[in-house]
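Following: one structure in C-alpha cells, then a few remarks.
Because only heavy atoms are used, hydrogens play no part in the values below, and waters and symmetry mates are left out as well, while side chains stay in. Proteins get letters first, then strands, A, B, ... in listed order; numbering begins at 1 in each.
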Number of protein chains: 2
Amino acid sequence: VPESAFSPLALLGVGYIGGSVALAARAAGLARRVVGYDVDPRVTVLACSRGVLDEAATTPEAAVEGAALVVLAAPVAGLAPLAQRIAAAVAGRALVIDVGSVKAPVVAAVEAALPAGRFVGCHPIAGTERSGVGAADAGLFRGRTCFVCPGPRAAPEAVAAATAFWEALGSQVLRLAPEPHDAVMAAVSHLPHVAAFALAASLTEQLPQLEAQGAAGAPTTSLRDTTRIAASSPPVWRDILLANRQHLLPLLRALEGRLGQISAAIAAGDAGALEAVLAAGRAARDRLVKGS
Amino acid sequence: VPESAFSPLALLGVGYIGGSVALAARAAGLARRVVGYDVDPRVTVLACSRGVLDEAATTPEAAVEGAALVVLAAPVAGLAPLAQRIAAAVAGRALVIDVGSVKAPVVAAVEAALPAGRFVGCHPIAGTERSGVGAADAGLFRGRTCFVCPGPRAAPEAVAAATAFWEALGSQVLRLAPEPHDAVMAAVSHLPHVAAFALAASLTEQLPQLEAQGAAGAPTTSLRDTTRIAASSPPVWRDILLANRQHLLPLLRALEGRLGQISAAIAAGDAGALEAVLAAGRAARDRLVKGS
C-alpha cells in the first residue's frame, strides 16, 4: 500500500479520536493534507488553529471531494446519515473507514449507503475518558490494539489498506467479524461504562455532605478508578449503548442480578452468600485482567 | 509523645495493612520490637522471615503482654472478639488502635471491651486491592490521609498519641467522629467496592468466550480500572460491607435505581432519558474527583 493511498485525508467528525487519527496520520507521513468537517463549525476552526486540519469544509460532501481516505469519526448514531450524505461525492478510489465503538449495525448501514467494497469498519481500542479535539494526541494509537471488522461487502484490497493504515499508526491490528466484536466490547467496555456512570450518578445526593467534609477533595483511589470513565462524553456513550443494546442488555441484567444478590445478602446479614458473590467477582477479575 | 511510647508494638492480625504498619513503625524508629499474632500460624512464620515481626506469639494475650502499642489489624468482624480476649492482658499504659474501614460499630464494641480510655479508632486511607503480609509496604502511609475517630470514652492523651503515631508514619491525620466517617466511607469506598465486585462477577459467564478471543489478555483500560478493587480480599470486604450496612444499604438502593434507569432507557430506546443519567454521572464524577 503506497503512502499516497491515504492523502488527502477527509475527517468527518472532529473530536478526540478523529483528531488523534488526523494528527497520527500526519506524524506518520501518511497525510500531507487533512480536510475536516464537523457539525459544530467552531470545532473545525479550533482544529485548524491546532494543526489538526489544513482546511475546514462546510459540508461533508465538500470534505470528501478528492479524498483518498475518508475517516468517519462522528458519534455512532451519526455514521449512517453521514455515509448517505457523502455516497455520491466519494471518489472511486477512496477508502472509507470509521472509528466507532459498535460495529455490526454501523457496518451494515454504512456498507448499504456507500459504493460497494469501499468501507471497512474499524475500532481502535485507544480511548480514554477525554473528549474534544483539544485532547487529540498524535501518539494515541501507538502500541494499542485496533479491531478491523470488515462486513461482507468489503473489498480485500480495502481491508488490506485499512490494516496497513492502522499498522503505520503503530497499532496492532486484530481482525474480528462485527458481531463477535460487539459481544466482546459489550463485556469489556460498554458494561464497565454503564457501571461507572451509574455509580457516580448514585452518589449525587451525597455530594453536598462529601464536599462539606472535604472528602471530595481527597477521594479514595477506589472512587477515582471505578468512576474514571464516568468522565466520558454522555452523548457519545448514549449512542454506543443504544447501538449495542442487543449484546449489552443481557449483561446489564446480569449486573443488576449480582447487585441484587449483594444487596439481599447485606440486608439479611448473610455473610456466606455475600462472600460467595465477592469471591465470584475476584475470580472473574483475576481471569479478565491477567497479571495485575 | 516520646518515641518509646510505641515500643514494644503488638500486632494482632498480620496482613497487608497490619504488616505495613509494623514495617512503617520500624522504619520510622518507633518500634524497636514487634510481636505478632495471627489466627493462621503460617502467616506469623512468614512475617518473621520477612522482618515484619521479631516474634510470633501463639495467643493474642501473649502478644500484648508488656506492649506499649497494640494494633488491632484483623478483619473488621474479628476486632471486638480480639479486644475481649486481650482486655485483661493489656498493660495499663498501653495505647490500643485499630485500622478498620468501619468505625462506629467497631469503636463502640472495642471501647466497651477494653479498659476505659485506652482505645482510639483509626482508619488509614491507604489500602489497595492487594492483600496478605507478603504485600506489606513500609511506605504505604506516607503522604496519605489517616482518619482518627475517637469514641466518647477515648482519653485525650490517647488521641494525641494515636495522632502522633500516624503523623510519624507520614500520614496527614483528619479527626472525624465514627458515624460521619462511616457515612463518607460508604460513599467513597464501600459502594465502589460493591460496584466493582458486582461488575466483575456479572461477566463470569462471558469468561470462556472472552478468553477464547484473546480479549482477556489485552483488556481495555475501562475494564482494568473499573474492576481493579474487585481483586481485593473477599472475607475482608464481606466484613466491611456487613459492618457498615446501615450507611451502605441506602446507597446500594440508589445504585440499583440508577442501573434500572439506564436499563429501562436502553430497552425503550429512549436516548434522552439515557443521556440524562449519563450526564448526572459525569457531573457527579467531576465534583467527586476534582481536577482529573
Q. Using a cut-off of under 4.5 Å for heavy-atom pairs, which of B:Ala271, B:Ala77, B:Ala254 has the most such pairs with chain A?
A. B:Ala271
Q. Which one of A:Ala196, A:Ala187, A:Pro192 has the most heavy-atom pairs closer than 4.5 Å to chain B?
A. A:Pro192
Q) So, for B:Pro150 and B:Val159, which heavy atoms are closest and what is the spacing to 0.1 Å? A) CB-CG2, 3.7 Å
Q: For each of B:Leu249, B:Asp270, B:Leu174, tally heavy-atom pairs with chain A at distances under 4.5 Å, and name the one with the top tally.
A: B:Leu249
Q | Contact leader toward chain B among A:Ala279, A:Ala276, A:Ala186, A:Gly260, where contacts are heavy-atom pairs under 4.5 Å | A | A:Ala279
Q. Counting heavy-atom pairs under 4.5 Å to chain B, which of A:Pro234, A:Ala284, A:Ala267, A:Ala200 comes out on top?
A. A:Pro234
**Q.** Which of B:Ser189, B:Ala195, B:Gly269 touches chain A most, by non-hydrogen pairs under 4.5 Å
**A.** B:Gly269
Q.
Which one wins on heavy-atom pair count under 4.5 Å against chain B: A:Leu176, A:Leu199, A:Val194?
A. A:Leu199
Q) Between A:His190 and A:Asn244, is any side-chain donor less than 3.5 angstrom from a side-chain acceptor? A) yes
Q: Before accepting this row, confirm whether a basic side-chain N of the pair A:Arg224/B:Asp225 lies closer than 4.0 Å to the acidic partner's carboxylate O.
A: no
Q.
I need the minimum non-hydrogen distance between B:Arg142 and B:Ala138, along with the two atoms involved.
A. NH2-O, 4.1 Å
Q) Which region of B:Gln206, side chain (C-beta onward) or backbone (N, CA, C, O), has a non-hydrogen atom less than 4.5 Å from a non-hydrogen atom of chain A, or is it both or neither? A) side chain
Q | Engaged part of A:Leu255 at the chain B interface, taking heavy atoms whose separation is under 4.5 Å | A | both
Q: For each of B:Ser232, B:Ala183, B:Gly257, tally heavy-atom pairs with chain A at distances under 4.5 Å, and name the one with the top tally.
A: B:Ser232
Q: Go through the atoms of A:Ala265 and report whether side chain, backbone, both or neither lie under 4.5 Å from a heavy atom of chain B.
A: backbone
(Q) Between A:Ile229, A:Ile266, A:Leu191, who has the most heavy-atom pairs with chain B when the cutoff is under 4.5 Å? (A) A:Ile266
Q) Are the side chain of A:Thr227 and the backbone N or O of A:Ala230 linked by a donor-acceptor pair below 3.5 Å? A) no
Q.
For the CG atom of A:Leu278 and the CD1 atom of A:Ile262, what is their distance to the nearest 0.5 Å?
A. 5.5 Å
Q.
Measuring centre to centre across the rings, with the benzene-like ring taken for any Trp, is A:Trp166 within less than 6.0 Å of A:Phe141?
A. yes
Q) Which bit of A:Leu248 comes within less than 4.5 Å of chain B, counting heavy atoms only: side chain, backbone, both or neither? A) side chain
Q. Is the shortest side-chain N to carboxylate O distance from B:Arg130 to B:Asp137 below 4.0 Å?
A. no
Q.
Which one wins on heavy-atom pair count under 4.5 Å against chain B: A:Gln261, A:Glu256, A:Arg253?
A. A:Glu256
Q: Evaluate whether atom CD of A:Glu179 has more than 12 neighbouring non-hydrogen atoms of other residues, nucleotides or ligands under 6.0 angstrom away.
A: yes
(Q) So which residue, B:Leu203, B:Asp239, B:Leu251, ends up with the most heavy-atom pairs under 4.5 Å with chain A? (A) B:Leu203
**Q.** Contacting region of A:Thr128 [heavy-atom separation from chain B under 4.5 Å]
**A.** neither
Q: Over 60° means perpendicular and under 30° means parallel, so classify the ring planes of A:Trp237 and A:His193, tilted if in between.
A: parallel
